[in-house]
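Reviewing the structure listed below.
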Amino acid sequence: MIDYSRLNPEQYKAVMHEEGPLIILAGAGSGKTRVLTHRIAHLIEECDVNPYRILAITFTNKAAKEMRDRVNRLVATGAEDVFISTFHSMCATFLRRDINVLGYEKSFTIYDTDDQKVLIREILKQFQIDTKQTKERVFINAISSAKNELIGPDRFDEDARGDYTLQKIAKVYHEYQKRLKANNALDFDDLLMKTVEMFNTAPDVLEKYRRRFKYIMVDEYQDTNHAQFVLLKQLAEHHTENGVEHNLCVVGDDDQSIYRFRGADIRNILDFENQYPNTTVIKLEQNYRSTGTILDVANNVISNNCMRKEKSMWTENEKGDAVRLLRFSDDRDEAKGIIGDIRKKHEDGASLSDFAILYRTNAQSRLLEEQLVYNGFPYKLVGGVNFYSRMEVKDILSYLKTIENGLDSLAVRRILNVPKRGIGLTTADKVEAFALENQISFFDALCEAEKIPGINSGTAKRINMFTSIIQAIRKDVAGGMSIADLIRFICEKTEYFSYLDDYSDTDDEAFERRSNIEELINKAVTFEEELRLSGSESLPLSSFLQEISLVADIDEMNDAVPGVTLMTLHSAKGLEFPNVYICGMEEDVFPGRTYESDDNDDEEEERRLFYVGITRAMKTLTLTYAKQRMLRGQITFSDRSRFLKEIPTRLLEMDSSTSGHDYISKASRGKRLEFEDYDDSYGESSFKSRRRNSYEDNDYYSAPSSFDDYEAVSSFRKKAPQAAPSKSFGSKDPSSLPYACGDTVRHPKFGDGVVKEIVAGGKDFEVSVDFPGYGIRKLLSSFAPLKKI
DNA sequence: AGTCACGTCGTTTTT
DNA sequence: CGACGTGACT
């Protein structure tokens, strides 16, 4: 029996809704995930629906995992049969089964943005297009948005008539698709577009899914694009003997639509009722997350948008603290101030995991990280350089791809001369030309290297070395080697580690790169274990490659690891934290440059982003800005964000120690701040005194205050996350390790864990450590940056 | 073929 | 400022 007692009347109504289209307009913090999970549970437990016939689509893998866990807790059995997935993974799964109707191999690989860039670059070179005139970005963006609109190269061509630039793009688009197909690869946008295409081409395939999925649920509907809209329309026609029914339930909040830049079409949510007649509309307007004050701020800000469905969020929660607005002289002071503030609260007993610092662009994380490291605070950074796009990881993945699917020329080309084999660019180009001419793949051309004109026997020999390594590995894989062993095998055969040593500038860097490979091996182990447990019959290697090409940064976040969370406002969507800081509240930072046009749409999207940020906060919200900031290498002065003016002053508290003036208490009293009144331009002297004023009175505060100190921090930063290299390298005696069984150790990535077992192997020791939230990890003592604590 | 040094350009945001 | 690509040199 399911417990519905914690649902409010609207939530209950949504949960009980069974047949027919349903749109749930769920404001921030209104418990929409609770509604979705309860609805799934209700269908399974009380309506006797086979879980296998329910499809739930989320925005990220993390959200999907969370949803599955929660459904699991609600229903007795069957939760694992519900198809819970992201749009992209779902499409990849569908395509794996039937993409052959479009003339692709089922073993297709998925190209990430880097691969995309490489391919586009090659094409531009081939066509001798001057990238100074039209930058490659333009091509990538144009192709991507075309695909999101389901416009193929031919349609694009037709539409481009009369426009020189568009025609140029059309030509590139054609070639791009041709090459993708030749490489048996799909890019992210293809996953959606090709699925729609597959359904159009093979109605029987579509019918299979239409019959299967009787109930479809979509989260974050406001961020769907046209392709996703069409895909849903295709899928949601469930045929019964009485005709067609649309058991499509979408959940969204137009105020939280923040992905217009990547094709999200807000009209999908605004027009849903017109698209599906007889739609039931339910609004969830009670907020359970934030204090009254925070919600009040959010409502005030978002009310400045015109393009929105009217709704008003309310809460029964207490009013809580005022929202703080802190001013700093520059970006470094801002970082110091925020971390100092967290430190204060932490010493008063708050857990570091309760804090999140949000910013507009990833570049803003650096100074914050510096301060966190300086203070010795653990932190979790979401975004930035993706783990899977690190050079060494991409290298290994390219080996895996080559072994799995020799058609992916991009992967083959990448590793052809990695580690160095004396096969240069000119040779690779000759091979490519030969492959093109003879209509064979790049790899097959390599196999016939001696036949390629212009390649001497010496070079051909070296090429043969490469191809025979690949073929040797392929043979061993057929013998049923695990992915983890396969990676180790690749590293061994190619002497990859010694290549890394040569390649890296410092020992630290080499160490870091090795650790990343270790980490990849760990991920492979975990993946294969899960795959085995789930009883899936899909091929481990290809599903592994698919899975990792579809992980988002946010998916990698682990809630069990303690620490301050750092991420962009975009990544923060769907999350909540007791204490939230939003930094860089300045014009040209947030909102970012919208100089192109006076387009209100851009401003409104930025405002929604701000709204998303505000509504992440449960207890306290702190907004900060700096008068002066380093922006792409230039010191720039900027004004406060226009959004700050939209917050009534009665809800704000300005820190007088940072402002240096007591403007607020006098100026406020119910009316809005007129920021122009406070011209806070100040000279060097006040800059210094402010600096002193801010935090020096805190006797525990010891962040660097001079440039020299800062230099010390930088070098410290480099070393801090890593433990001293193990002195036991080469030794066989476990007691020479700085830790032993039962000790608690710290890992920069996994946090704290307990050493379970130490086994001597090869040159060093394999240490098993139980990290809460990650499970037991096997690490090599000479690689793993473990530190006893 | 591989290395080094210089120039350029750039920043949203992400599946 | 720093990453990255191009070009000249060994």
Side-chain angles (χ1 to χ4, degrees), chain A residues 57-64 85-92 110-114 116-118 121 125 131-132 135-137 140-141 144 147-148 186-193 220 223-225 227-228 257-264 331 358-367 382-386 388-389 391 417-428 456 458-459 462 502-503 505 546-555 567-573 584 588-596 602 605-606 608-610 612-613 629-636 714:
Chain A
I57 303 174
T58 59
F59 197 66
T60 62
N61 295 300
K62 184 170 187 278
S85 168
T86 64
F87 267 107
H88 292 269
S89 321
M90 175 185 79
C91 289
I110 299 168
Y111 276 5
D112 64 19
T113 29
D114 283 338
Q116 214 176 15
K117 222 191 273 169
V118 172
R121 214 170 273 164
K125 212 164 77 192
T131 50
K132 293 231 162 73
K135 290 188 216 78
E136 64 188 27
R137 261 213 101 67
I140 291 174
N141 287 340
S144 175
K147 288 182 177 180
N148 287 331
L186 302 180
D187 67 15
F188 286 136
D189 303 309
D190 276 341
L191 290 173
L192 302 170
M193 188 171 76
E220 309 283 9
D223 286 320
T224 52
N225 59 34
Q228 290 161 330
S257 161
I258 53 174
Y259 285 103
R260 203 170 60 108
F261 72 91
R262 90 175 187 215
D331 43 357
L358 310 180
Y359 36 79
R360 181 64 234 273
T361 61
N362 278 309
Q364 289 169 262
S365 69
R366 268 192 52 195
L367 290 171
V382 178
V385 256
N386 189 303
Y388 296 107
S389 44
M391 176 207 93
N417 199 28
V418 172
K420 302 256 178 297
R421 297 187 179 88
I423 307 170
L425 225 66
T426 36
T427 308
N456 62 41
T459 314
R462 289 196 288 272
D502 295 345
Y503 183 89
D505 292 331
Q546 166 169 326
E547 165 138 328
I548 59 184
S549 54
L550 293 176
V551 294
D553 294 323
I554 193 75
D555 300 330
M567 64 182 145
T568 62
L569 288 148
H570 281 87
S571 297
K573 192 176 69 163
D588 284 357
V589 177
F590 189 28
R593 15 176 150 284
T594 49
Y595 55 82
E596 278 292 11
D602 287 339
E605 173 127 331
E606 294 281 309
R608 288 193 292 269
L609 192 55
F610 187 32
V612 166
R629 167 180 311 268
M630 192 73 103
L631 233 49
R632 31 173 197 262
Q634 290 243 305
I635 292 173
T636 44
S714 306

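In this text, all values refer to a predicted model and were calculated from it rather than measured experimentally. Convention: sequence-line order gives letters A, B, ...; per-chain numbering from 1.
With hydrogens and angles ignored, the 3.5 Å screen pairs no side-chain donor or acceptor of Asp187(A) with any backbone N or O of Asp112(A). Although no hydrogens or angles enter the test, the distance criterion places no donor-acceptor pair under 3.5 Å between the side chain of Thr86(A) and the main chain of Thr60(A). Formation of a donor-acceptor pair under 3.5 Å by the Gln228(A) side chain with backbone atoms of Asn225(A) is found in this model. Between the side chain of Gln546(A) and the backbone N or O of Ile110(A), no donor-acceptor pair lies under 3.5 Å. Glu605(A) contributes a side-chain N or O that, together with a main-chain N or O of Arg260(A), makes up a donor-acceptor pair within less than 3.5 Å.
Leu631(A) CG to Thr636(A) OG1: the interatomic distance, rounded to the nearest 0.5 Å, is 4.0 Å. Taken to the nearest 0.5 Å, the CG atom of Leu569(A) stands 14.0 Å off from the CZ atom of Arg608(A). Atom CZ in Arg262(A) sits 7.0 Å away from atom CG in Asp223(A) (nearest 0.5 Å).
Stacking between Phe261(A) and dT13(B) is present: the aromatic ring centre lies within less than 5.5 angstrom of the base six-membered ring centre, and the two planes differ by under 30 degrees.
Across all strands shown, Arg608(A) has no heavy atoms under 4.0 Å from either base or sugar-phosphate atoms. Within the nucleic acid shown, Asp112(A) has no heavy atom closer than 4.0 Å to any nucleic acid atom. Residue Lys135(A) is classed as a sugar-phosphate contact, given heavy-atom separations below 4.0 Å to backbone atoms only. Contacts of Ser89(A) with the nucleic acid, taken as non-hydrogen atoms under 4.0 Å apart, are absent. Using a 4.0 Å heavy-atom distance criterion, Tyr259(A) is classed as a sugar-phosphate-only contact.
Taking all atoms of both residues into account, the shortest heavy-atom contact from Asp553(A) to Gly383(A) is OD2-CA, 3.4 Å. Taking both residues in full, the closest heavy atoms of Phe87(A) and Leu192(A) are given as CB-CD2, 4.1 Å, listed atom of the first, atom of the second, then distance. Closest non-hydrogen pair, Lys117(A) versus Ile140(A), comes out as CG-CD1, 3.9 Å.
Between the NZ atom of Lys573(A) and the C1' atom of dT14(B) there is a distance of 10 Å, given to the nearest Å. Between Gln228(A) atom CD and dT14(B) atom C1' there is a gap of 12 Å when expressed in whole angstrom units. Taking atom CE on Met90(A) and atom C1' on dT15(B), their separation rounds to 13 Å, with Å as the unit. As a whole-Å value, the separation of Arg366(A) CZ from dT11(B) P is 17 Å. Here the C1' atom of nucleotide dT11(B) and the CG atom of Asn362(A) are 10 Å apart, to the nearest Å. The distance between atom CZ of Phe59(A) and atom C1' of dT15(B), rounded to the nearest whole Å, is 7 Å. Regarding Arg262(A), its CZ atom lies at a distance of 5 Å from the C1' atom of dT14(B), rounded to whole Å. Distance, Asn148(A) CG to dT13(B) C1': 15 Å, rounded to whole Å.
Chain A approaches DNA chain C within less than 4.0 angstrom (heavy atoms of the protein), and the contacting nucleotides run 5' to 3' from dC1(C) to dG5(C).
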Report each atom pair, protein N/O against N/O of nucleotides 1-4 of chain B, whose distance is under 3.5 angstrom.
| unit_1 | atom_1 | unit_2 | atom_2 | d |
| --- | --- | --- | --- | --- |
| dA1(B) | OP1 | Thr426(A) | OG1 | 2.8 |
| dA1(B) | OP2 | Gly424(A) | N | 2.7 |
| dA1(B) | OP2 | Thr427(A) | OG1 | 3.4 |
| dG2(B) | OP1 | Gly422(A) | N | 3.3 |
| dG2(B) | OP2 | Asn417(A) | ND2 | 3.2 |

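Between Ser571(A) and dT14(B), a side-chain N or O to OP1/OP2 separation shorter than 4.0 Å is present.
Within residues 546-554 of chain A, the residues having any heavy atom under 4.0 Å from DNA chain B are, by residue number, Ala552(A), Asp553(A).
Classification of the Phe261(A)-His570(A) ring pair by plane angle, with boundaries at 30° and 60°, yields perpendicular.
Between Thr568(A) and Ala363(A), it is Ala363(A) whose nearest contact on DNA chain B lies nearer the 5' terminus. Heavy-atom nearest nucleotides on DNA chain B were determined for Phe87(A) and for Arg137(A), and the one closer to the 5' end corresponds to Arg137(A).
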